[in-house]
Amino acid sequence: MTVGTEEGAAPAPSDFIRDIVARDVAEKRYPQIVTRFPPEPNGYLHIGHAKSICLNFGIARENAGRCNLRLDDTNPVKEDVEYVASIIADVTWLIDGWADQVLGLKPATTEPYHASDYFGPLYDFAVELIKKGKAYVCDLSPEETEKYRGAPDRPGQDSPFRNRPVAENLDLFQRMKAGEFPDGARTLRAKIDMAAPNMWLRDPLLYRIRHVEHHQTGATWCIYPLYDYAHCLSDYLEGITHSICTLEFEVHRPLYDWILEQLNLPRPLPHQYEFAKLNLGYTVVSKRKLLQLVQEGIVAGWDDPRLPTLSGLRRRGVPASALRRFAASIGVTRYDSVTDVALFEHAIREELNGAALRRLAVLRPIKLVLTNIPAGETLSVEAVNHPADAAAGVRPLAFTREIFIESDDFMEVPPNKYFRLRPGGEVRLKYACIIKCDEVVKDAAGAIVELRCTADLDSRKGGPNADRKIKGTIHWVSATACIEAPARLYDRLFTVAEPDAEGAFKTHINPHSLETVTARLEASLRDAQPGQSYQFERLGYFTLDAADARPGQPVFNRTLTLKDAWTAKA
Ligand code: ATP
Ligand code: MG
């Protein structure tokens, strides 16, 4: 959906990373600002990634730079081509029309970069490190390696293979590559300092043996570089200037710098900067946890509209512009915190309020018979369209003897200040006229079957009673001219703000996170358009379900209610 006002008149965001970039621009440190977004294709992107995407692409767009989309595919075991496709689709969607002009793809293609594109040069750099005496082949098992590492308060111990001659290291590394050794038999390690207070500098692994095929490079390689080694060099090879990541990588930064320094690469070198991850209330943002929800069938898939994945949010009807607005509103800091989900919902409402077409729908109907309108007669009334509507300023609504109203717009014994319908009371039907409830018809069990009312037809627009004042106005649809369609009413997936506080997030699943009702809708919604948001008046924002709706057979997802019911309840 093409909505987007958040970047209109708003001032460019400002934060500590943008301040650094501005300084580097002022000092002309780089010919161009180049950032990257480097997801690992081991799951779908989520709202936390959206924060990172908006930051990296935002900086590129504000500085006439470039932001490379790079799949960080160094671990062939956990990765999947399904994830690759979803990542490309999600990034493209999120930046479309906003920062697509700075999207760095491989020249003259629609292909993103891959860390695996650099397996050749990464191997050559490793050979160079060996020649410089900065890396060695180690035969310790994974368990022994771990033991030799020591602990944060206790120095590690040198590997017995640490002082292998360069020639032997070169020979063994070449044979590792040739497939002579089984998984885990040997590794290539950086030769730094086994007593370094920073554990990441205790001769970290650079390469390990994995006899598995890779989705990009097939069977070419059986040794794969580790993240820390591949990342800084991929950044260098792509000409990245600002390598922006989340705080857990802060302790890796000395290693990032060490590797680049040892290789005596021509400058300018990339630099790493860290910011705090987004954590969002009432949900989990971790691919590992999201994967559990998907695999255990707690949700229907990665694009389940209750998940904070970008594909789930899109299917739910959240526009990309709302995610960008949200990212701009929360800013970028170095403090870990949990962001109130109300901020996200506010950003969605701000976007949808301007973009959604207004329509009438009833989710939980009770039937109402207007006894003074003859059966079979259709009185046409005019609904006022929202400015977002490309159609004329008004549209006709069928007004008939039998209509539906929302069941909670009627109460037999209402509390004080209840201004909707009650026995003997009056209410205005939006766009139509005032009605009076004469009789409540019940079945033998005492359940309400229908309400019999009289319509004051003179209170229609232009009529002699049009100005008659009535406190309550409710929505309605014609019972005989409406259409029926499933409406999926989503609520928060978890019942508590920090579901993973004790590491047991699955014990806090909200059992009422999805309710499906048969909605009664004004007939024009038969032609609802995919990607368009609709405000069902007084109820909330809805959109067609991209997976299940068919032409002429709509299925609606509720994006959000109009007001924050949770805060109101509390
Ligand atoms: P997860 O914890 O969900 O598995 P990850 O960090 O392993 O995420 P990557 O694919 O490695 O996922 O992330 C790609 C980029 O997105 C990284 O630069 C990472 O720092 C950033 N990122 C991941 N999660 C968040 C988050 N919650 N908030 C902001 N940025 C994030
Ligand atoms: Mg990761």
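Just follow the structure's listing: the first ligand is 1, and inside any ligand the first atom is 1. Values reported hereafter were calculated over all heavy atoms of this structure, with side chains retained and with hydrogens, waters and symmetry mates removed. Keep in mind that this is a model prediction, so the values were computed, not measured.
Here atom 26 (C) of ligand 1 lies nearest to G48 when heavy atoms of P308, G48, A50 are compared. For atom 14 (C) of ligand 1, the nearest non-hydrogen atom from the set P39, A276, S286, G43 belongs to P39.
A side-chain donor from one of Y44 and E82 sits under 3.5 Å from a side-chain acceptor of the other. No side-chain N or O of Y282 forms a donor-acceptor pair with one of N510 less than 3.5 Å apart.
For the salt bridge (charged side-chain N to carboxylate O under 4.0 Å, His left out) criterion with R315, the lone passing option out of D545, D304, D90 is D545.
In terms of the salt bridge (charged side-chain N to carboxylate O under 4.0 Å, His left out) criterion, E128 has no residue partners (sequence neighbours excluded). A search for salt bridge (charged side-chain N to carboxylate O under 4.0 Å, His left out) contacts involving R66 returns nothing, not counting sequence neighbours.
Residue R36 places no N or O, backbone or side chain, under 3.5 Å from any N or O of ligand 1. Among the atoms of V285, none of the N or O lies under 3.5 angstrom from an N or O of ligand 1. Residue H49 places at least one N or O, backbone or side chain, under 3.5 Å from an N or O of ligand 1. Residue contacts with ligand 1: T246 is placed with a nitrogen or oxygen under 3.5 Å of a nitrogen or oxygen of the ligand (distance criterion only).
For the pair T187 and R189, the tightest heavy-atom approach, listed with the atom from each and the gap, is OG1-CG, 3.6 Å.
Listed by number with element, the atoms of ligand 1 under 4.0 Å from a non-hydrogen atom of S52 are 16 (O), 21 (C), 30 (N).
At least one donor-acceptor pair closer than 3.5 Å links the side chain of R349 to the backbone N or O of L562.
A heavy-atom separation below 4.0 Å is not found between R288 and ligand 1. Within the structure, ligand 1 has H46 among the residues with a heavy atom less than 4.0 angstrom away.
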